[in-house]
Amino acid sequence: MPSRPAPLPAPEPARPAVATDVPRATVPAPDETPHPPASTPPPPDFRTNDPTDPARTRQDGGRRGGGRAWQALIGGAAVLVLLALCGLAVAALLQDRNGTPQAGTPTGQPAVEQAGAADNTDLDSRDTDQLALTAKEVFPGKALVTTTGQPAYQVLKASSSGSCAVAATGEIADLLVRLGCNQVVRATLRSPDGQYLLTAGLLNLTDVASAQRARDRIRQLLDERQGRFRGLAAGNDTQAVEQAAARVGWQVRGHYIAYCLVTRADGERISSTDTRAREILYDLIEVHLNRGVLERRANGGVASQPADDPTDGTTGQDDTTGRGPSNN
């Protein structure tokens, strides 16, 4: 008999192919959240190209929900900011109407200074103090009372001139012209007791620097007898104010020089120790011209801040008859 072929070995059962780069899925235990594969998760803005991908659908839905939440949050914040701005505007309006000081404004300042500060200008220069003086502003009447309850000075004559040289002689007149003085307002007065004649006034210079230079130079020129202040004649019985030896005082405030010269009505020499002459200088320069005329001008909207204490000087000047110095 022909030999029977040897039986073929039984085939091995087929094994499923396994992708080595794909991890096996694990079955989650009950009540556990499925964990993603161990591979690195995609970034938050990851998108697939398949519109039917459930992961993309869930992610898009979450982003749309988050966007609406952010929009609602930003909108609420914008409303709060708008309400806050409206509240500030209303508070500022009410504050302005009631005249109450804003936060940070010193409450110790006088209310008048706070209310008028915006309309004021500076006395330190004619550029910011352009309104010219007038005789009526400086000497408004025929009687001048410097202290309440005290007798009045008699105003004999008042004058305003655009030439400062009429108020002085020699080097003092030249000095005033060089430093830009363009106006002098002055008047001649008689003291309440009738024993003194005086001429007082304001010199209008360019700025505070020119006024200070004039102040410093005037004393030297008077001491060296290179000029003098002129008295303003006001009638037949007032020659002494033009000719007699005098005591002179002057003071700077802003671009102004306030000055006064005092003589004896009888033309006699006036002593440097004459206390009444010093009182007259103080009354006319400090009380009337500075505290009265210039302070009134400041309160009327010309000066923006209180002036420093004015510097002053007093000295004697010779008479016009060549009889020598007056401060002996």
Side-chain angles (χ1 to χ4, degrees), residues 122-135 137-139 157-189 197-234 241-263 280-281 284-286 288-290 293-294 297 302-303 307-308 310-320 325-327:
D122 196 346
L123 278 180
D124 286 350
S125 172
R126 279 204 303 256
D127 292 338
T128 53
D129 177 33
Q130 300 180 3
L131 186 63
L133 297 166
T134 64
E137 176 186 0
V138 182
F139 301 101
K157 182 179 181 180
S159 173
S160 176
S161 175
S163 172
C164 294
V166 301
T169 65
E171 290 294 328
I172 295 179
D174 295 340
L175 173 70
L176 295 174
V177 173
R178 287 198 307 271
L179 292 178
C181 185
N182 70 348
Q183 184 188 26
V184 57
V185 178
R186 56 182 179 155
T188 291
L189 304 91
L197 291 170
L198 54 133
T199 295
L202 290 171
L203 297 163
N204 189 339
L205 284 91
T206 304
D207 52 30
V208 64
S210 61
Q212 290 172 346
R213 286 197 296 270
R215 173 201 63 197
D216 297 339
R217 182 66 174 147
I218 284 170
R219 177 183 290 278
Q220 182 181 1
L221 293 175
L222 286 171
D223 291 344
E224 295 173 355
R225 302 182 186 180
Q226 296 184 23
R228 71 192 306 271
F229 283 100
R230 282 178 172 170
L232 175 66
V241 78
E242 290 184 290
Q243 301 174 358
R247 294 297 300 173
V248 182
W250 62 97
Q251 178 171 279
V252 169
R253 177 165 183 182
H255 63 100
Y256 297 102
I257 295 179
Y259 78 97
C260 179
L261 64 92
V262 183
T263 62
I280 293 172
L281 292 174
L284 268 296
I285 296 175
E286 174 62 24
H288 175 60
L289 294 175
N290 183 24
V293 177
L294 294 179
R297 176 168 273 239
V302 181
D308 295 333
T311 57
D312 65 298
T314 60
T315 189
Q317 67 178 19
D318 291 346
D319 56 26
T320 60
S326 62
N327 52 348

Tested for side-chain contact (heavy atoms from CB on, under 4.5 Å) against Leu205, the lone hit among Leu203, Val208, Asp207 is Leu203

Which of these, Val241, Thr199, Ile280, sits in a side-chain contact (heavy atoms from CB on, under 4.5 Å) with Val262?
Ile280

For His288, enumerate each residue passing the ring pair (Phe, Tyr, Trp, His ring centres under 6.0 Å) test, keeping only those at least two apart in sequence or located in another chain.
Phe139

Work out which heavy atom in [X] is nearest to a heavy atom in [Y]; give both atom names and the distance.
X	Y	result
Cys260	Leu198	SG-CD1, 3.9 Å
Thr263	Ala245	CG2-O, 3.6 Å
Ala211	Gly254	CB-O, 3.8 Å
Ser160	Gln183	OG-NE2, 3.6 Å
Trp250	Ile285	N-CD1, 3.8 Å
Gly231	Leu261	N-CD2, 3.9 Å

Sequence neighbours left out, what passes side chain to side chain contact (heavy atoms under 4.5 Å, CB included) with Gln130? Give chain and number order.
none

Apply side chain to side chain contact (heavy atoms under 4.5 Å, CB included) to Asp127 and list each qualifying residue two or more places apart in sequence or on a separate chain.
Ser125

If you measure only the distance, is there a donor-acceptor pair under 3.5 Å linking the side chains of Arg217 and Gln220?
yes

Please evaluate residues Arg297 and Val293 with respect to the criterion side-chain contact (heavy atoms from CB on, under 4.5 Å), reporting the C-alpha separation (whole Å), side-chain torsions for both, the decisive distance (0.1 Å), and the verdict.
CA-CA 6 Å; Arg297 176 168 273 239; Val293 177; 5.7 Å; no

So Leu289 and Val138, do their side chains get closer than 4.5 Å, heavy atoms only?
yes

Once side-chain hydrogen bond (donor to acceptor under 3.5 Å, both in side chains) is applied, do any residues pair with Asp124, and if so which ones, sequence neighbours excluded?
none

One should read off an interatomic distance between Arg186 CZ and Leu232 CG, to the nearest 0.5 angstrom, of 4.5 Å

Separation of Ile218 CD1 from Ile257 CD1 (nearest 0.5 Å)
4.5 Å

Under 3.5 Å, which donor-acceptor pairs link side chains of residues 163-179 to any protein atom two or more places apart or in another chain?
from, atom 1, to, atom 2, distance (Å)
Thr169, OG1, Arg228, N, 3.1
Thr169, OG1, Arg228, O, 3.4

Under the side-chain contact (heavy atoms from CB on, under 4.5 Å) criterion, do His255 and Asn204 qualify, and how do the steps go?
CA-CA 6 Å; His255 63 100; Asn204 189 339; 3.0 Å; yes

For residues 199-234, which residue pairs pass the ring pair (Phe, Tyr, Trp, His ring centres under 6.0 Å) check, not counting sequence neighbours?
Phe229-Tyr259

